[in-house]
Structure formats: structure tokens, C-alpha cells
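Heads up, the thing below is written out as C-alpha cells.
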Amino acid sequence: PAPGDVLIPAPSDAQVLFDGKDLAQWCRKDGSPAAWTVENGDMVVKAKSGNIQTKRNFGDCQLHIEWCTPENVSDTGQLRSNSGVFMQGRYEVQILDNYGNETYANGQAGSIYKQYAPLVNATKAPGQWNVYHIIYTAPRFNADGSLLSAAQITVLQNGVLVQNNTTINPARLVRNACSSRPHGDAPIMLQDHGNAVRFRNIWIREL
Ligand code: MG
């Protein structure tokens, strides 16, 4: 951590998903070991090694995750330091270097990707750490597979509210058609979009 950088420690009832040491809580989709890099206490996306996901499944939860985009920027729009946090492996809270970087509204950092723009752009300059506090309610399904209640999500970025109990509408999930299908608890997934985004201090509380 940089000088003056204060980590918010995991509460005693949280499960620590990454504490700077190793990727023991993570794997690839096929269950093989996660191939991202751990350096200087951070987990770093290794381009083209694939998304990683928690070994455990989760439903309703409070998730704390910190991320940092590379200081040296070249690309623009969605190609600038893109990653993402997928709740239940499906619903993406976008990660993007949105500092002075224009893109479509519902693709910004803090968006529910391709669904809902963030209320504001709270993204810090590249090289600085961003914090997501995510409070997530999983969708419920009826026995016949129809939707009983949609997923809901609240996201604070660096203490600023960017999603306020947003209802994730399965009918708007144009990108992942499978997402409207019934599902149970599922892993938290982090995206390899080919950019060396860093992560640290990841913990979760099941609700
Ligand atoms: Mg993304």
C-alpha cells in the first residue's frame, strides 16, 4: 500500500477471499488453478489467462473489493483497463479506468454492465486504489423456473453511492442470454479483459 493508504480490514465474521498472499480461494471456470499474478501483495490480471472465480458459491452478500488500474494508459474507451466483478458469475459491476476516459453510459466503472449507468463517475486517477462496497441480493425463482424476484444491487465506489438498490432486470440482460435462467448460489467472478488491473483486500459476508 502507498503511504496514507488505509486498508479497511475484514470484519471478524467475513470470509477473506484475498489478503495479499495467494490465490487459494480462486480458480478458473474449469476448476484449474487461477493463473493471475500475485505481486507486492496485489492480485494482478494476467492477460489471456482467463477469468478467475471463487471456489465457493455465494448468493446474498456484502462484498468488499479494491482495484487499481495501470498508471500508464494508452487505449481509450472500453479498452482502457477493463475488468469487472461478476455477481453469481453473471451480473457484472464494471471495472474500467474512467478517469478522463469517455465511454457509453452503461459501460462506465460502477455500471451494471450494459444495463444501468452509475449515478456518478467516482473513479480515481489511474494508479490510485478504488474501493467497491457491494451489497447484493440474489434473484429468486419459482419452482417452474420463472422469476419470483430479480437481483438487487447497491454499490458504493470510494464511499460514493453509484448504484442505489438497483433492480437487475433479466429481460435487459442482452449480453448473457443465460443470465435470465434460474440459478442458485454461484461464484464471484473477476474478468480478464486483457488489462493488468490490480486487486487487493477482498472479503465477503454472506447475508
Ligand atoms: Mg468489464
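If you read the sequence from its start, that first residue is 1, and numbering goes on from there. These numbers come from the heavy atoms of this one structure, side chains and all, not from hydrogens, waters or symmetry mates. Worth saying up front: this structure is predicted, and the values here are computed from it rather than measured. First listed ligand is number 1; within each ligand, the first listed atom is number 1.
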So does Ala24 get a backbone contact from the side chain of Asp22, meaning a donor-acceptor N/O pair under 3.5 Å? yes
Using only atom types and a distance under 3.5 Å, with no angle test, would you say the side chain of Asp192 pairs donor to acceptor with the backbone of Ser49? yes
Using side-chain hydrogen bond (donor to acceptor under 3.5 Å, both in side chains) as the criterion, point out the one residue from Glu66, Lys124, Gln157 that pairs with Asn130. Gln157
Residue pair Tyr91, Gln115: steps toward the side-chain hydrogen bond (donor to acceptor under 3.5 Å, both in side chains) verdict: CA-CA 10 Å; Tyr91 313 110; Gln115 291 202 55; over 6 Å; no
Could you confirm whether Tyr113 has any N/O/S atom lying under 2.8 Å from the Mg ion (ligand 1)? no
Kindly report the OD1-the Mg ion (ligand 1)-OE2 angle for Asn82 and Glu92 respectively, rounded to 10°. 170°
Examine all N, O or S atoms of Ser83, backbone included, and report whether one is under 2.8 Å from the Mg ion (ligand 1). yes
